[in-house]
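Right, one structure below, let's go through it.
Because the structure is predicted, anything quoted here is derived from the model rather than measured.
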Amino acid sequence: MISSDLWQANQDLSIACLEHPFVQGIAQGTLPRSCFVFYVGQDAFFLRAFARAYSLAAAKAPDWEGFNLFHHLANGVLEELQLHQHYAKAWEIDLQTIQPGVATRRYTEFLLTTAWTRDIGAIAAAMTPCMRLYAFLGQKLAQPEIPNHQYTDWIKTYSSDEFEQLTQQLENLTNRYVINESPAHSIYRYALFCEQEFFQAAWTHQ
């Protein structure tokens, strides 16, 4: 399966994300509050772009099943944003005034440019890494059991069966629509690189 091949080919980046001090800070509950506050705002901005990319993918889907699945996945993003709203309320973050940082802007522009200008396979290849990486991180951080600290809800969300199901649905769409594997590999790897830079930006507040 192309989605599995793409994930396995980029294990260096996924492991680098897992070992990043930002992610390890979430794992241990020791991540400075300021880093997480910055991340929540930037990720909310990113997720809004992600939802738009899903909508554009739905419009380009050549079959009704794909159209429905992309819309279903977009609804999943809206539910994910509820977690950010929870943190925003608890930690007094105004999500309406967030300005995207350099890494956030780079990632969202890449996603939306791909969604507007490329075919359905390219869009799926650009979006799948985010979902699979977060499922991977959540499941790793939940082992051997979900810890009890200030970032427990984050780990619960991304280690959940529901999130894994959404990830697999997107991977199935990637398997269905990617025709040319060469550009898909490049797109997939760049998206994972953007994820790594996103965590670094949150760690350094940039």
Let me see the working for Arg132 and Met127 under side chain to side chain contact (heavy atoms under 4.5 Å, CB included), right down to the final yes or no.
CA-CA 9 Å; Arg132 175 46 64 199; Met127 301 186 74; over 6 Å; no

Just by distance, do the side chain of Ser160 and the backbone of Thr157 share a donor-acceptor pair under 3.5 Å?
yes

Out of curiosity, Ser4 OG to Asn175 CG, how far, rounded to the nearest 0.5 Å?
8.5 Å

Let's go through Glu181 and His185 carefully: what are the C-alpha distance in whole Å and the side-chain angles of both, what is the deciding distance for side chain to side chain contact (heavy atoms under 4.5 Å, CB included) to 0.1 Å, and is it a yes or a no?
CA-CA 6 Å; Glu181 293 191 19; His185 275 277; 4.1 Å; yes

Would you give the length of the straight line joining atom NE2 of His205 to atom SG of Cys35, rounded to the nearest 0.5 angstrom?
3.5 Å

Using the ring pair (Phe, Tyr, Trp, His ring centres under 6.0 Å) definition, which of the options Trp116, Tyr190, Tyr188 pairs with Phe110?
Tyr190

Crowded around Leu78 CG? As in, over 12 foreign heavy atoms under 6.0 Å?
yes

With a 4.5 Å heavy-atom cut-off, do Ile155 and Thr152 have their side chains touching?
no

Would you compute the distance between atom CG of Leu6 and atom CD1 of Ile187 and round it to the nearest 0.5 angstrom?
10.0 Å

If you count the non-hydrogen atoms of other residues, nucleotides and ligands that lie under 6.0 Å from CZ in Phe67, is the total more than 12?
yes

Are the side chains of Glu171 and Met1 in contact, using a 4.5 Å heavy-atom criterion?
no

Walk me through whether Thr128 and Thr174 qualify under side chain to side chain donor-acceptor pair (under 3.5 Å).
CA-CA 7 Å; Thr128 300; Thr174 299; 2.6 Å; yes

State the CG-CD distance between Leu18 and Gln196, to the nearest 0.5 angstrom.
12.0 Å

Donor-acceptor list for residues 117-124 side chains, cut-off 3.5 Å, not counting sequence neighbours:
from, atom 1, to, atom 2, distance (Å)
Thr117, OG1, Thr113, O, 2.6
Asp119, OD1, Gly121, N, 3.0
Asp119, OD1, Ala122, N, 2.8

Write out all pairs satisfying salt bridge (Lys or Arg N to Asp or Glu O under 4.0 Å) with one or both partners inside residues 97-116, taking only residues at least two apart or from two chains.
none

Considering all heavy atoms, the nearest Ala53-Leu112 contact:
N-CD2, 4.1 Å

Between Lys156 and Glu162, does a salt bridge (charged side-chain N to carboxylate O under 4.0 Å, His left out) hold up when you go through it step by step?
CA-CA 10 Å; Lys156 283 182 177 179; Glu162 292 79 8; over 6 Å; no

How many angstroms lie between atom OG of Ser34 and atom OH of Tyr39, to the nearest 0.5 angstrom?
15.0 Å

Lys60 NZ: over 12 foreign heavy atoms closer than 6.0 Å:
yes

Test item: Gln42 side-chain N/O and Ala202 main-chain N/O as donor-acceptor pair under 3.5 Å
no

Side chains of Gln139 and Tyr158: donor-acceptor distance under 3.5 Å anywhere?
no

Output the distance between atom CD1 (Ile26) and atom CD (Gln28), rounded to the nearest 0.5 Å.
11.0 Å

A side-chain contact here means heavy atoms from C-beta on lying under 4.5 Å apart; do Met131 and Phe163 qualify?
yes

Does the plane of the ring in Phe199 sit parallel, tilted or perpendicular to the ring in His20? Use 30° and 60° as the thresholds.
tilted

Would you please test Trp154 and Tyr151 for ring-ring contact (aromatic ring centres under 6.0 Å, His included) and show each step?
CA-CA 5 Å; Trp154 193 97; Tyr151 302 122; 8.6 Å; no

Set out, in order, the CA-CA distance, both residues' side-chain angles and the distance that settles side chain to side chain contact (heavy atoms under 4.5 Å, CB included) for Thr204 and Gln200, then state yes or no.
CA-CA 6 Å; Thr204 60; Gln200 178 62 23; 3.3 Å; yes

Nearest atoms (heavy-atom pairs only) where Ala74 meets Ala51
CB-O, 4.3 Å

Within the 4.5 Å heavy-atom criterion, are Leu73 and Val77 side-chain neighbours or not?
no

If you measure only the distance, is there a donor-acceptor pair under 3.5 Å linking the side chains of Asp63 and Tyr177?
yes

Return the minimal non-hydrogen interatomic distance between Pro147 and Ala27, and the atom names on each side.
CG-O, 3.9 Å

Answer with yes or no whether the hydrophobic clustering places Ile179 together with Leu69; edges join I, L, V, M, F, W, Y residues whose side-chain heavy atoms lie under 4.5 Å apart.
no

Does any non-hydrogen side-chain atom of Trp203 lie less than 4.5 Å from one of Pro32?
yes

Phe136, Leu13: one ILVMFWY side-chain cluster at the under-4.5 Å cut-off?
yes

Are the side chains of Leu111 and Thr108 in touch, meaning some heavy atoms are under 4.5 Å apart?
no

Applying ring-ring contact (aromatic ring centres under 6.0 Å, His included) to Phe46 and Tyr107, what does each step give before you reach the verdict?
CA-CA 8 Å; Phe46 167 80; Tyr107 198 177; 4.6 Å; yes

Atom of His84, atom of Ala44 and distance for their closest heavy-atom approach
CD2-N, 3.9 Å

Shortest non-hydrogen contact from Cys17 to Val23?
O-CG2, 3.2 Å

Look at the aromatic rings of Phe50 and Tyr54 and report parallel, tilted or perpendicular, splitting at 30° and 60°.
perpendicular

Partners of Arg48 by side chain to side chain contact (heavy atoms under 4.5 Å, CB included), sequence neighbours excluded?
Arg52, Leu81, Leu95, Gln96

Any side-chain heavy-atom pair of Leu141 and Ser159 under 4.5 Å
no

With side chains defined as the heavy atoms from C-beta onward, is the minimum distance between Tyr134 and Thr167 less than 4.5 Å?
no

If every non-hydrogen atom of Ala125 is compared with every non-hydrogen atom of Pro129, which pair is closest and at what distance?
O-CD, 3.1 Å

Is the side chain of Gln150 donor-acceptor paired with the backbone N or O of Gly29 at a distance under 3.5 Å, no angle test?
yes

Examine Ile93 and Leu47 and state if one hydrophobic cluster contains both, with Ile, Leu, Val, Met, Phe, Trp and Tyr joined whenever side-chain heavy atoms are less than 4.5 Å apart.
yes

